[in-house]
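Below is one structure, written out as structure tokens; the observations come after it.
Computed from a predicted structure; not experimentally measured. Protein chains get the first letters and strands the later ones, always in sequence-line order, with residue 1 at the start of each.
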Protein chains: 2
Amino acid sequence: MECKSLKAHFSRYVDLTSSELTLICENYQQKNVAKGEYILRNGEICRFEGFVVSGCFKIYMIDMHGNEKILYFAAEDWWIMEIDSFTNQIGSSLNVQAIEDSAILFITKTAKERLYEELPKVERLFRIMSQKAVVAWQRRLVRNHTMNAEQRYHHFVTSYPDIAMRVTNKQIASYLGITQEFVSKIRKKRLKKK
Amino acid sequence: MECKSLKAHFSRYVDLTSSELTLICENYQQKNVAKGEYILRNGEICRFEGFVVSGCFKIYMIDMHGNEKILYFAAEDWWIMEIDSFTNQIGSSLNVQAIEDSAILFITKTAKERLYEELPKVERLFRIMSQKAVVAWQRRLVRNHTMNAEQRYHHFVTSYPDIAMRVTNKQIASYLGITQEFVSKIRKKRLKKK
DNA sequence: TCAATTTATTGAACTAGTTCAAGAATTTTA
DNA sequence: TAAAATTCTTGAACTAGTTCAATAAATTGA
């Protein structure tokens with residue numbers, strides 16, 4: 001199976017022989033997901049862990065006011081999973097929806113568990129990736145506390161220019177925790193400057 | 001060595017025999033930290049991973065305006081570490097300071113690495129704990145996006161009543177990402193209601 | 001291809017939270 | 001135990017960001 005990008009991704013974190021990489025990747029299956037399709041809905045139990053090969057997803061929550069709050073976007077080389085729901089087989093609090101025609105590689109819970117047993121290095125791999133994720137979430141929280149909306153918008157479009165071009169302003173607003181209208185005003189101000 | 005609370009903490013995540021627990025805990029050393037003392041400063045390389053036995057710490061960053069931004073408080077049974085700095089031996093972006101006379105159990109990088117080799121279950125343990133941490137940071141971000149300052153204050157004091165009583169309002173304000181003055185106004189409003 | 005729907009823009013009125021300043025209360029230090 | 005330092009409180013003026021409403025632009029669907 002074609003799983004080059006996943007192999008490259010894993011190799012960034014842990015040294016793996018090519019037979020180890022093959023063993024790991026044998027557990028992943030490819031799946032195409034059409035734009036608009038959900039691969040996980042709030043309340044469902046997450047039975048897979050996915051890696052984006054192509055396309056883009058939004059991962060969001062519905063807040064207490066019924067509004068969609070985008071937690072993050074997942075394009076090529078990003079993970080889509082609801083760790084809590086996947087590990088503990090409890091209802092998911094997140095929704096994962098394709099915002100482009102996409103392809104993912106996914107692994108089931110059973111296969112993942114077998115893989116952890118078969119190859120303990122996989123524990124290390126996911127430990128390291130999770131620790132990286134913690135750092136990233138901490139940094140995002142600090143950015144939210146120290147930067148104003150305009151600075152956060154600027155940070156987003158310069159840090160993730162590819163994503164910024166592929167998603168709507170409304171979605172960027174939701175991700176940044178501000179209103180669509182305010183994003184529009186920020187953009188107007190930025191256009192003037194140039 | 002006395003390391004009951006650490007053993008109990010580990011046992012919550014992975015099933016470990018008492019000899020495994022003992023093996024793990026042999027790698028931890030106890031240390032007393034006086035109020036005000038730093039166990040890690042911005043720029044230093046984090047050479048340990050700590051677990052709070054008693055007392056309380058604040059983990060904070062200095063933002064672009066020179067202001068202290070508290071990322072979290074760590075009291076009994078919480079971890080104090082700078083994952084990024086510890087794992088990659090790069091300069092820390094965080095400061096960790098005792099805000100009460102405290103005692104911690106800590107492990108050095110060398111001991112931690114040996115432990116991962118000796119007992120692969122430790123990889124799993126820290127993988128699971130990191131994954132829990134990711135979920136917690138995600139939830140906090142969503143709370144920041146969906147709740148106003150008053151609701152966040154309320155959430156904090158009801159979720160962590162013990163911490164709320166031990167830290168100053170200024171510190172709570174920093175943790176919540178609002179001003180000290182506004183916390184004062186929220187408190188006034190809440191007192192009136194009762 | 002055209003109608004329907006969603007998204008983007010704009011402005012005016014508003015509000016949650018900030019800033020500044022000054023005095024009161026508490027904590028720390030010597 | 002007094003002096004010094006920090007924290008807390010309060011009010012007035014301000015501002016970043018919201019809300020609402022209406023129109024324009026873009027996207028989607030049959």
As an exercise, state the distance from CG of A/N148 to CD1 of A/I178, rounded to the nearest 0.5 Å. 9.0 Å

Closer than 4.0 Å, any side-chain N/O of B/K35 to the OP1 or OP2 of C/dT29? no

Go nucleotide by nucleotide along DNA chain C from the 5' end; which of A/V183 and B/G177 gets its closest nucleotide reached first? A/V183

Under 4.0 Å between a Lys/Arg side-chain N and an Asp/Glu carboxylate O for B/K109 and B/E113? yes

Roughly how many Å is it from CZ in B/F182 to P in D/dG11, rounded to a whole number? 14 Å

Rounded off to whole Å, could you give me the NE2-to-P distance for the B/H145 and D/dT18 pair? 11 Å

Separation of C/dT6 atom P from A/K170 atom NZ, nearest Å, is 8 Å

Nucleotide C/dT9, atom P - distance to CD1 of A/I186 in whole Å: 12 Å

Does B/K185 have a side-chain nitrogen or oxygen under 4.0 Å from the phosphate oxygens OP1 or OP2 of C/dT15? no

What is the distance from CD of A/Q180 to C1' of D/dA22, rounded to the nearest Å? 14 Å

Can you tell whether the side chains of B/K185 and B/E181 come within less than 4.0 Å, N to carboxylate O? no

Quick check for you: among D/dT19, C/dG17, C/dC20, whose closest atom lies nearest to any side-chain atom of A/T179? D/dT19

Would one find a side-chain N or O of B/R187 under 4.0 angstrom from OP1 or OP2 of D/dT9? yes

Begin from the C-alpha positions of A/F86 and A/F48 and carry the test ring pair (Phe, Tyr, Trp, His ring centres under 6.0 Å) through to its verdict. CA-CA 7 Å; A/F86 180 75; A/F48 67 93; 7.7 Å; no

Provide, to the nearest angstrom, the distance between the CD atom belonging to A/E68 and the P atom belonging to C/dT6. 13 Å

Length of the line joining B/I178:CD1 and D/dC8:C1', which is rounded to integer Å: 14 Å

Could you tell me whether the phosphate oxygens of C/dT7, OP1 or OP2, come under 4.0 Å of any side-chain nitrogen or oxygen in A/T168? no

The single option from A/E68, A/E100, A/E37 that satisfies salt bridge (Lys or Arg N to Asp or Glu O under 4.0 Å) with A/K58 is A/E68

Whole angstrom is fine here: how far is it from CG in A/N144 over to P in D/dG17? 12 Å

If you look at every strand shown and take non-hydrogen atoms under 4.0 Å, does B/S184 touch a base, only sugar-phosphate, or nothing? base

Does C/dT15 have OP1 or OP2 sitting under 4.0 Å from an N or O in the side chain of B/N148? no

